[in-house]
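Worksheet: the structure to be examined is printed underneath.
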Amino acid sequence: MKVLIVGGGGREHALAWKLSQSPRLTGLFATPGSAAIAEVAQCVPLEGIGGLEAMADFAEKEGIGLTVVGPEAPLVEGIADLFASRGLPVFGPTAAAARLEGSKVFSKAFMERHGIPTAAHKAFDALEPALEYVKALDGPCVVKASGLAAGKGVILCEDADQAEAALRRIMETRAFGDAGAEVVVEEWLRGEEASFFAICDGKDFIAMPAAQDHKPVGDLDRGPNTGGMGAYCPTPLVTPEMEAMVIEQVVRPTLAGMAAEGHPYSGVLYVGLMIDNGAAKVLEYNCRFGDPECQPLMMMLESDLLDVLEAAAQGRIAECRPNWRGGAAACIVMASEGYPGQYEKGRPIAGIEAADAMENCRVFHAGTERPGTGEKGDLNKSGGWAGDGVWTTNGGRVLGVTAWGHDLGAALKTGYQAVENISWPGAHYRKDIGLKGLKRMDDGRPKVNVGIVLGSVSDMDVAKKATAVLDALGVGYELAVASAHRTPERTRRFVAACAEAGAEVFIAIAGMAAALPGVVAAETQAPVIGVPVKSGAFEGLDALLSIVQMPPGIPVATVAVGGGANAALLAAQMLGLKYPGVAAAVTEYRLAQALKVEDAHREAGLSTLI
Ligand code: AMP
Ligand code: GLY
């Protein structure tokens, strides 16, 4: 069968890569495609020269058996209707069904009609009543342009002033053009986001592994939103119970509702969810695969994608039982300097081939070119830009480095290894893709993982520094006062009880002639970290020397005088060797520290060279 893919970004590269593996494929075409897609498909420049009609003409002439539409714009414009009217099989919803993404006023009202959980909202088609409403609301809210705005039409507002500015930008200045003729003002939902994908055929569907996107440009979700800086799947945020709930409360009523209203939904239904306290609400619907979520999903799919998409287009999705690989896949987006703001194109990229050659790794191209191969539309013999020049940047999001692993930690390790081998001037990427997932994973760590012993209650200030860090990292601990000199038996019992409860590292905090760390070390084979405390005549030097100078055979790690926080971090680093969730929490902690340094530098108005 011949297949035509509409689009030319990272999502379409992943779809093309996966479809190209189908044994049933006799020809793969993409419009407009890209230099990278040209390696697996023939690219035909049909956009812009008659648009959707030209695509239909091409599909008819070429005998295309299935057209797969990547982006939302042609769907909202009615490509599926046009193809269907000409008897051309297409994967994607009709324009009426694609309103779930194309009109937020429609989708919110639809959810309300069908009792689908979502943020409380109000829709407006004039500025004044909207302004009055946000003034009366007098609190945080989200202002959304109703129409398509390339992912930029959603503005989170802390207060009425920000909401007024957002409304004026959308409705008065028309920052997003006609997409801002109507707005939705809604409740600001808190929680963690997940992307849920169902492949639908109008009545039935199959669910894909739930994914998580990373929208803000900076580490730890800082900075402006982007199209997505990375994604992974499956996400432990969507437990099997949560998946069942989303299917019952969202996917089924959405399909039933659309069918009942005369617009059966076929294609990918992408449900953006906000999950909080075991409940999920719909943030938005999209009528297509997520980009970059599609990239890890394609790495996870074992079955033939063509079979799945064709079954959906033919109304047979219920017969389809695709196999998914075990483990997990992650995509790390590498972006141009300045993105999501202004950026330059044309910077040469090094290292793509080496990354692509790595096992379980694929580099999907979102915005690249190969100069020397002609302008867009200047095709070579095979109908693609199959030049052999160096890859150069040609967009904001440039690459989606995607890796599979036997678990999320392994996928991320491979992915980041590949990323570190790719470079161009100004390239940036997030260092924390997937960490939220790793932190949430049940890694089997005991509820009590660290035993903390204080020689005296006067050491509590130092202990608090340790427990604050362990709390932040999600590491469980038990805390006791037990003097080495006055209550050695009590120390022994506490160490034994902690070990029994699961403690694998001990922290012993003591001042003066600090014997406690040594006594704890004598009672356990688990590593012991001693924290000298400043007290008495020698300002902590006495405790430091007592702890640092242990007899051979009884090692005790020593941190700074009063170094409760460092002791906790060192304990967590040790535990991180065994528990991926702890390792992820430590990575986040370190990233947060680095960001604090950068913030302080910026706020002090220091050198702009770095
Ligand atoms: P949308 O285009 O509706 O998907 O919104 C884009 C992003 O804005 C979402 O992925 C969320 O991060 C955020 N967002 C949208 N609606 C809300 C809401 N009601 N509460 C909090 N965040 C939201
Ligand atoms: N990754 C977000 C989107 O595709 O809308």
Side-chain angles (χ1 to χ4, degrees), residues 7 9-12 14-15 70-73 75-76 98 100-108 111 117-123 137 139-158 162-163 166 170 176 179-180 183-197 208 210-217 221-233 235 268-276 279-297 330-333 335 340 364 366 396-397 400 402 430 433 436:
R11 165 183 48 210
E12 289 78 20
L15 291 170
E72 63 278 14
L75 290 165
V76 171
L100 280 182
E101 173 165 2
S103 165
K104 289 191 196 291
V105 169
F106 172 81
S107 71
K108 293 297 290 192
M111 285 188 265
T118 187
H121 87 288
K122 232 169 146 48
L137 212 58
C141 67
V142 181
V143 175
K144 301 181 170 185
S146 178
L148 291 185
K152 298 194 177 83
V154 172
I155 305 176
L156 303 175
C157 308
E158 303 278 356
Q162 289 185 6
I170 294 174
F176 311 108
V183 291
V184 164
V185 179
E186 67 179 38
E187 172 196 8
W188 184 333
L189 298 175
R190 312 286 165 167
E192 217 178 304
E193 286 182 51
S195 307
F196 194 86
F197 298 92
M208 306 185 89
Q212 190 166 44
D213 187 11
H214 298 64
K215 287 207 171 86
V217 69
D221 287 336
R222 292 171 33 135
N225 264 4
T226 68
M229 291 298 288
Y232 69 93
C233 66
T235 170
V268 186
L269 180 69
Y270 165 166
V271 187
L273 295 167
M274 185 68 92
I275 296 178
D276 190 25
K281 286 186 177 171
V282 178
L283 284 174
E284 57 162 347
Y285 290 110
N286 294 310
C287 61
R288 51 170 173 88
F289 280 112
D291 187 347
E293 293 98 318
C294 184
Q295 289 82 321
L297 279 169
C331 170
I332 301 140
V333 169
F364 296 118
R397 290 192 292 177
T402 310
R430 276 181 63 162
I433 302 302
K436 279 185 203 157

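All ligand and atom numbering here is 1-based and tracks the order in the structure.
Under the salt bridge (Lys or Arg N to Asp or Glu O under 4.0 Å) criterion, Glu158 pairs with no residue at all, not counting sequence neighbours. Residues that satisfy the side-chain hydrogen bond (donor to acceptor under 3.5 Å, both in side chains) test with Asp213, not counting sequence neighbours, are absent from this structure.
Here OG1 of Thr235 is found 9.5 Å from NZ of Lys436. Values are rounded to the nearest 0.5 Å.
With a 4.5 Å cut-off on side-chain heavy atoms, Gln162 and Cys141 do not count as touching. With a 4.5 Å cut-off on side-chain heavy atoms, Ser146 and Lys108 do not count as touching. Between Lys281 and Glu187, the closest side-chain pair of non-hydrogen atoms falls below 4.5 Å. No side-chain heavy atom of Asp276 sits under 4.5 Å from any side-chain heavy atom of Leu189.
The existence of a salt bridge linking Lys144 and Glu284 is excluded, since no basic side-chain nitrogen approaches an acidic carboxylate oxygen closer than 4.0 Å.
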Check ligand 2 against the protein and report each N/O to N/O distance under 3.5 Å, formatted as atom name, atom name, distance.
from     : atom 1 : to     : atom 2 : distance (Å)
ligand 2 : 1 (N)  : Asp213 : OD2    : 2.8
ligand 2 : 1 (N)  : Gly227 : O      : 3.3
ligand 2 : 1 (N)  : Asp291 : O      : 3.0
ligand 2 : 1 (N)  : Glu293 : OE1    : 2.7
ligand 2 : 1 (N)  : Glu293 : OE2    : 3.4
ligand 2 : 4 (O)  : Arg288 : NH1    : 2.9
ligand 2 : 4 (O)  : Asp291 : N      : 2.9
ligand 2 : 5 (O)  : Arg288 : NH1    : 3.4
ligand 2 : 5 (O)  : Arg288 : NH2    : 2.9

For ligand 1, list every N/O pair with the protein closer than 3.5 Å, one pair per line with the distance.
from     : atom 1 : to     : atom 2 : distance (Å)
ligand 1 : 2 (O)  : Lys104 : NZ     : 3.3
ligand 1 : 2 (O)  : Glu284 : OE1    : 3.3
ligand 1 : 3 (O)  : Lys104 : NZ     : 3.1
ligand 1 : 3 (O)  : Lys144 : NZ     : 3.1
ligand 1 : 4 (O)  : Glu284 : OE1    : 2.3
ligand 1 : 4 (O)  : Glu284 : OE2    : 2.5
ligand 1 : 10 (O) : Glu193 : OE1    : 2.7
ligand 1 : 10 (O) : Lys215 : NZ     : 2.8
ligand 1 : 12 (O) : Glu193 : OE1    : 3.3
ligand 1 : 12 (O) : Glu193 : OE2    : 2.3
ligand 1 : 16 (N) : Lys144 : NZ     : 2.9
ligand 1 : 16 (N) : Glu186 : OE2    : 3.4
ligand 1 : 19 (N) : Glu186 : OE2    : 2.6
ligand 1 : 19 (N) : Glu187 : O      : 2.8
ligand 1 : 20 (N) : Leu189 : N      : 2.8

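What you find for Val183 and Ala145 is that their closest heavy atoms are CG1-CA, 4.5 Å.
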